[in-house]
Amino acid sequence: MKAPNVVGGVHLPDGGGKTIRLRQGASLADFAEKIGTDASNLVQALFNLGEMVTATASVSEDTLKLLGDEINYKVQVVSPEDEDRELLESFNLQFGESEGDEDDLETRAPVVSVMGHVDHGKTRLLDAIRHANVAAREAGGITQGIGAYQVSVNPSHSDDEDDERKITFLDTPGHEAFTAMRARGAKSTDIAILVVAADDGVMPQTVEAINHAKAADVPIVVAVNKIDKPEAQPEKIRGQLTEYGLVPEEYGGDTLFVDISARNGDNIDELLEAVLLTADASLELEANPDMDAQGLAIEAHLDRGRGPVATVLVQRGTLRVGDSIVVGDAFGRVRRMLDEYGEDVEEAEPSRPVQVQGLNSVPGAGDNLLVVDDDRVARQIANQRDARRRSAMQAKNRKRVSLEDLDEVLKEHSTLNIILKGDNAGSVEALEDALLGIEIDDEVQLDIIDRGVGAVTQTNVSLAAASDAIIIAFNVRSEGKATEEANQEGVEIRYYTVIYEAIEEVESALKGMLKPVYKESEVGTAEIRQIFKSSAVGLIAGCKVEDGKVVRNAKARLVRDGNVIAEKASIESLRREKDDVTEVSAGYECGMVLSYPDIQVGDEIQVYEMVEVPRD
């Protein structure tokens with residue numbers, strides 16, 4: 001039996017250096033269960049150490065490790081990836097592991113992300129490839145979600161004229177606010193097409209896209225777009241990209257560059273061939289189509305008529321209608337699958353993107369998809385993932401409160417509460433990241449109290465009313481009686497279709513919540529030459545104004561022998577000869593009554609005002 005530790009006056013068991021594993025967002029109750037003590041003891045110990053935490057609240061990783069060190073336990077916080085792997089193993093499932101024997105593997109289509117700077121022609125390129133006018137339906141000309149499409153190609157370098165190859169495209173957004181979505185797009189793909197405008201050159205998001213692709217170890221094919229413009233300089237683009245490690249084959253490198261015009265459809269086939277050549281030369285794209293399907297949710301949204309709809313990319317195995325699936329913390333049975341043309345699909349093989357209906361909720365963009373034995377297993381996995389996600393989010397959002405700063409926390413402070421609703425999970429996540437990234441003074445805070453996919457509901461309005469929040473609706477509207485209730489409760493719903501507008505208006509709102517900054521401005525000084533006594537008003541200071549002016553009701557500082565006697569006095573009465581006046585200028589004499597009665601001959605009266613200054 002180990003001797004107990006005394007932490008903050010509380011007796012706790014000594015761990016003897018033992019390692020305990022806790023999930024992210026674990027509570028003190030979880031910790032107490034692991035070490036066989038009462039949770040109230042840990043609450044008391046942390047309180048005495050200067051931190052206030054309840055037994056069931058999620059605790060940050062630093063706090064768990066701090067407490068563990070105090071009682072000689074080595075706390076190991078399990079990452080979400082490890083926890084998910086252990087969860088699946090408990091159901092005898094694996095994700096992304098062995099696909100069976102080599103004989104079971106078949107060649108699959110390459111999955112391609114189109115990346116690059118905003119307005120360099122990514123959507124127009126995809127438009128040219130799939131002959132669908134996606135660009136016309138996008139607000140502000142910006143791709144604001146992730147779509148997936150598959151096209152067929154007859155490569156000219158193949159000996160077989162009937163050798164039709166397929167390529168799957170992911171349309172990742174180009175605006176900087178979608179960094180997280182674009183990064184996820186790169187990680188889920190085999191090859192990246194980097195679109196660079198020949199008349200514009202390498203821009204910040206071009207470099208960002210290169211970094212994402214390199215971090216994901218994805219080969220890059222460069223499409224130099226807009227070569228039909230007279231100011232196009234494709235050779236200049238090649239030189240610029242060489243600085244970032246993308247050396248064209250003609251310069252002795254290994255990166256394929258293709259000059260294209262997405263507007264005119266020039267060299268599109270050559271670009272697709274370059275993708276296939278890169279895939280054949282650099283990658284071994286094989287998957288087992290006979291195993292249970294595994295994949296990735298590329299995008300998800302809530303459809304009024306169809307319910308939760310997820311665009312999924314099958315990475316291995318074959319997904320069939322009727323399969324029980326779990327996608328992140330959503331689960332269900334595949335009720336219907338649609339391809340990119342809206343046609344029904346009975347099964348989807350590796351590298352095939354499909355829209356799936358039948359889930360109980362909207363999964364997150366990037367969540368993995370797994371086929372399981374039955375609905376019961378799917379529900380159990382999804383529920384455990386959901387509990388883990390909520391705990392981790394609670395721990396992430398929880399602000400540490402110590403006894404030292406408790407007074408500051410309890411003081412009134414400005415917080416802008418926001419509820420986010422969007423048309424799909426990726427947009428909501430990207431908008432949330434962008435809003436939380438707004439740099440603003442510590443005096444005000446931005447708190448996103450809820451987020452979700454789909455129309456604004458009465459539940460959202462009720463929560464906003466209870467928490468004084470505003471609702472930001474991105475590409476969605478309010479439904480049913482939500483608008484009526486919002487009007488009754490005075491809840492503001494702001495509708496946006498372009499992301500910068502939402503970010504700019506929220507930033508303006510935050511700056512408007514800042515308390516004004518005032519700076520002292522000197523008005524004038526006067527010297528007390530004589531003191532008169534009055535039974536009606538007390539002591540009257542006979543003064544001469546040395547410089548500036550003195551103003552009735554102004555703030556004044558009383559200085560004696562260089563020392564400040566009174567900091568915040570005020571001039572209650574001001575007379576020149578027998579007349580009441582509002583101000584007296586330099587060089588004139590006057591009589592004044594100060595709010596501070598202890599005055600002496602020779603005291604200096606410094607008159608000042610507080611002027612509001614604009615913030616940077």
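None of the values given here were measured: they were computed from a predicted structure.
- Pairs engaging residues 105-114 under the salt bridge (Lys or Arg N to Asp or Glu O under 4.0 Å) rule: Arg108-Asp190 [sequence neighbours left out].
- Residues Leu241 and Leu194 are in side-chain contact: their nearest non-hydrogen atoms beyond the backbone lie under 4.5 Å apart.
- Remark: side-chain polar atoms of Arg494 are not paired, donor with acceptor, to backbone N or O of Ile472 under 3.5 angstrom.
- Interatomic distance, CD1 of Ile381 versus CG of Leu370, reported as 6.5 Å (0.5 Å rounding).
- The residue from Gln357, Glu346, Gln355 that alone fulfils the side-chain contact (heavy atoms from CB on, under 4.5 Å) condition with Arg336 is Gln357.
- When side chains are defined from C-beta on, Thr189 does not count as touching Ile191, because their heavy atoms never get closer than 4.5 Å.
- No more than 12 heavy atoms of other residues, nucleotides or ligands lie within 6.0 Å of CG in Asp254, so this atom counts as exposed by the packing criterion.
- Annotation: the span from Ile298 atom CD1 to Thr311 atom OG1 amounts to 8.0 Å, rounded to 0.5 Å.
- In this structure, Lys122 and Ile193 have side chains that are not in contact, with every pair of non-hydrogen atoms separated by 4.5 Å or more.
- Taking CG from Asp423 and CG from Asn475, the interatomic distance works out to 4.5 Å, rounded to the nearest 0.5 Å.
- Applying the 6.0 Å contact sphere to CG of Asp374 captures more than 12 heavy atoms from other residues, nucleotides or ligands.
- Checked by atom type and distance alone, the side chain of Gln294 never pairs as donor or acceptor with a backbone atom of Gln315 at under 3.5 Å.
- Side-chain atoms of Ile418 and Ile470, non-hydrogen and from C-beta on, do get closer than 4.5 Å to each other.
- From Arg320, atom CZ reaches atom CD of Glu349 across 8.0 Å, with rounding to the nearest 0.5 Å.
- With hydrogens and angles ignored, the 3.5 Å screen pairs no side-chain donor or acceptor of Asp69 with any backbone N or O of Leu66.
- Remark: the backbone N or O of Gly426 is paired with a side-chain donor or acceptor of Glu299 at under 3.5 angstrom.
- Using a 4.5 Å heavy-atom threshold, the side chains of Val354 and Val312 count as touching.
- A donor-acceptor pair under 3.5 Å is formed between the side chain of Arg385 and the backbone N or O of Gly328.
- Proximity of Val372 to Phe331: side-chain heavy atoms (C-beta onward) are nowhere separated by under 4.5 Å.
- Going from atom OG1 of Thr206 over to atom CG of Asn211 covers 11.0 Å, rounded to the nearest 0.5 Å.
- A 6.0 Å sphere centred on NZ of Lys34 holds no more than 12 heavy atoms belonging to other residues, nucleotides or ligands.
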I'd like a table of donor-acceptor pairs (distance under 3.5 Å, sequence neighbours excluded) in which one partner is a side-chain atom from residues 458-465, with atom names and distances.
| from | atom 1 | to | atom 2 | distance (Å) |
| --- | --- | --- | --- | --- |
| Gln458 | NE2 | Glu485 | OE1 | 2.8 |
| Asn460 | OD1 | Lys421 | NZ | 2.8 |
| Asn460 | OD1 | Thr457 | N | 3.0 |
| Asn460 | OD1 | Thr457 | OG1 | 3.1 |
| Ser462 | OG | Gln458 | O | 3.0 |
| Ser462 | OG | Glu485 | OE2 | 2.9 |

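- Between Thr255 and Val247, every side-chain heavy-atom pair lies at or beyond the 4.5 Å cut-off.
- Between the side chain of Ser351 and the main chain of Val111, no donor-acceptor pair closer than 3.5 Å is present.
- Here the shortest heavy-atom pairing between Leu359 and Gly332 reads CD2-N, 4.0 Å.
- Within a 6.0 Å radius of CD in Glu33, other residues, nucleotides and ligands contribute 12 heavy atoms or fewer.
- Of all heavy-atom pairs between Ala209 and Met115, the closest is CB-CB, 3.8 Å.
- Among residues two or more places apart in sequence or in another chain, the salt bridge (Lys or Arg N to Asp or Glu O under 4.0 Å) test is passed with Asp323 by none.
- Ile499 contributes atom CD1, which lies 11.0 Å from atom CD of Glu504 (distance to the nearest 0.5 angstrom).
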